[in-house]
Amino acid sequence: MSADNLARYPSLVGKTVLITGGGAGIGGAMSVLFASQDCSVVVLDIDDAASRRLVDGLCNDGRRATYVQCDVTDIDALQRTIRAVESAHGAVDVLVNNAARDDRQDLLTASVEYWDRAIAVNVRHHVFAVQAVVPGMQRNGGGSIIN
């Protein structure tokens, strides 16, 4: 994806952007676009191969990007990972809660287990990722959260 013809947002330069599910698909596209704004992009994803390819490509293009493997359904691991990211990069300026699965299930046959997995991946981690980044955003006087 080329971001050469897109608008430039000087207010994003140097910001730390953490994108869950940022290694491929919509999250991958957001990673590329934020990196093109000269942000420091941190990709949290469970897909190791796709995330490494994306981050390697961004770094080869002179962009600042880091990949950290993380299963967002493991809330303790998610919050530890975010704390480690903040130790390495400073407070997160922009959190993009993007990680999700698009499994389709028939309403009449959906199981409790399916529903619990869907909620864990698609919704539950949002609250706890926000919980982890807000103190740093408050110390910095603000930030942005995109769900």
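Here the structure is a predicted model, which means the values were calculated and not measured.
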d(Ile26 CD1, Asn98 CG) to nearest 0.5 Å is 6.5 Å

TODO: May I ask you to decide if Ala91's main-chain N or O and Glu86's side chain share a donor-acceptor pair within less than 3.5 Å?
DONE: no

Residue pairs meeting salt bridge (Lys or Arg N to Asp or Glu O under 4.0 Å), one or both in residues 26-52, sequence neighbours left out, come to Arg8-Asp38, Asp38-Arg63, Asp48-Arg52

Rounding to 0.5 Å, atoms OG (Ser40) and CG (Leu18) come to a distance of 10.0 Å

Across all chains, not counting sequence neighbours, the side chain to side chain contact (heavy atoms under 4.5 Å, CB included) partners of Asp102 are Arg104

Between Ala99 and Gly21 the two heavy atoms that sit nearest each other are CB-N, 3.7 Å

Rounding to 0.5 Å, atoms CG (Leu95) and CD1 (Ile19) come to a distance of 9.5 Å

Could you see if Ile82 belongs to whatever hydrophobic cluster contains Val68? Use Ile, Leu, Val, Met, Phe, Trp, Tyr and a side-chain cutoff under 4.5 Å. yes

For Ser51 and Gly23, the nearest pair of non-hydrogen atoms, with its separation, is OG-CA, 3.4 Å

- prompt: Given the rule that I, L, V, M, F, W and Y join up when any side-chain heavy atoms are under 4.5 Å apart, are Met30 and Val92 in one cluster?
  reply: no

Requested in this report: May I ask whether Tyr67 and Val96 are part of the same hydrophobic cluster, defined by side-chain heavy atoms of I, L, V, M, F, W, Y residues being less than 4.5 angstrom apart, directly or through others?
Outcome: yes

Ile146/Val94 under side chain to side chain contact (heavy atoms under 4.5 Å, CB included): CA gap, chis, key distance, verdict | CA-CA 8 Å; Ile146 303 165; Val94 178; 4.2 Å; yes

Closest heavy-atom pair, Leu58 versus Ser31, reported as atoms and distance to 0.1 Å, is CD1-O, 4.2 Å

message: When you group the ILVMFWY residues by side-chain heavy-atom contacts below 4.5 Å and let the links chain together, are Leu33 and Ile145 in the same group?
response: no

Tested for side-chain contact (heavy atoms from CB on, under 4.5 Å) against Cys70, the lone hit among Val43, Ile46, Thr81 is Thr81

Sorted by chain and residue number, the side chain to side chain contact (heavy atoms under 4.5 Å, CB included) partners of Leu12 (sequence neighbours excluded) come out as Tyr9, Phe34, Gln37, Cys39

Side-chain donor-acceptor pairs of residues 119-136 under 3.5 Å, sequence neighbours excluded:
{"unit_1": "Asn122", "atom_1": "OD1", "unit_2": "Arg101", "atom_2": "N", "d": "2.7"}
{"unit_1": "Asn122", "atom_1": "ND2", "unit_2": "Arg101", "atom_2": "O", "d": "3.2"}
{"unit_1": "Asn122", "atom_1": "ND2", "unit_2": "Ala118", "atom_2": "O", "d": "3.3"}
{"unit_1": "Arg124", "atom_1": "NH1", "unit_2": "Thr73", "atom_2": "O", "d": "3.4"}
{"unit_1": "His125", "atom_1": "ND1", "unit_2": "Val121", "atom_2": "O", "d": "3.0"}
{"unit_1": "His126", "atom_1": "NE2", "unit_2": "Asn122", "atom_2": "O", "d": "3.4"}
{"unit_1": "Gln131", "atom_1": "OE1", "unit_2": "Gln79", "atom_2": "NE2", "d": "2.8"}

Quick note, salt bridge (Lys or Arg N to Asp or Glu O under 4.0 Å) partners involving residues 108-119, not counting sequence neighbours, are none

Output for pair (Asp93 CG, Met137 CE), nearest 0.5 Å, gives 7.0 Å

To the nearest 0.5 Å, atom CG of Asp71 lies from atom CG of Leu44 at 10.5 Å

Residues at least two apart in sequence or cross-chain that pass side chain to side chain contact (heavy atoms under 4.5 Å, CB included) with Asn60, listed by chain then number, are none

Side chain to side chain contact (heavy atoms under 4.5 Å, CB included) filter on Ala110, not counting sequence neighbours, yields Gln105, Tyr114

Hits for side-chain hydrogen bond (donor to acceptor under 3.5 Å, both in side chains) against Asn147, two or more places apart or cross-chain, chain-then-number order -> Asn97

Between Asp74 and Val72, is there a side-chain heavy-atom distance shorter than 4.5 Å?
no

Any side-chain to backbone donor/acceptor pair from Thr66 onto Val42? Under 3.5 Å, distance only. no

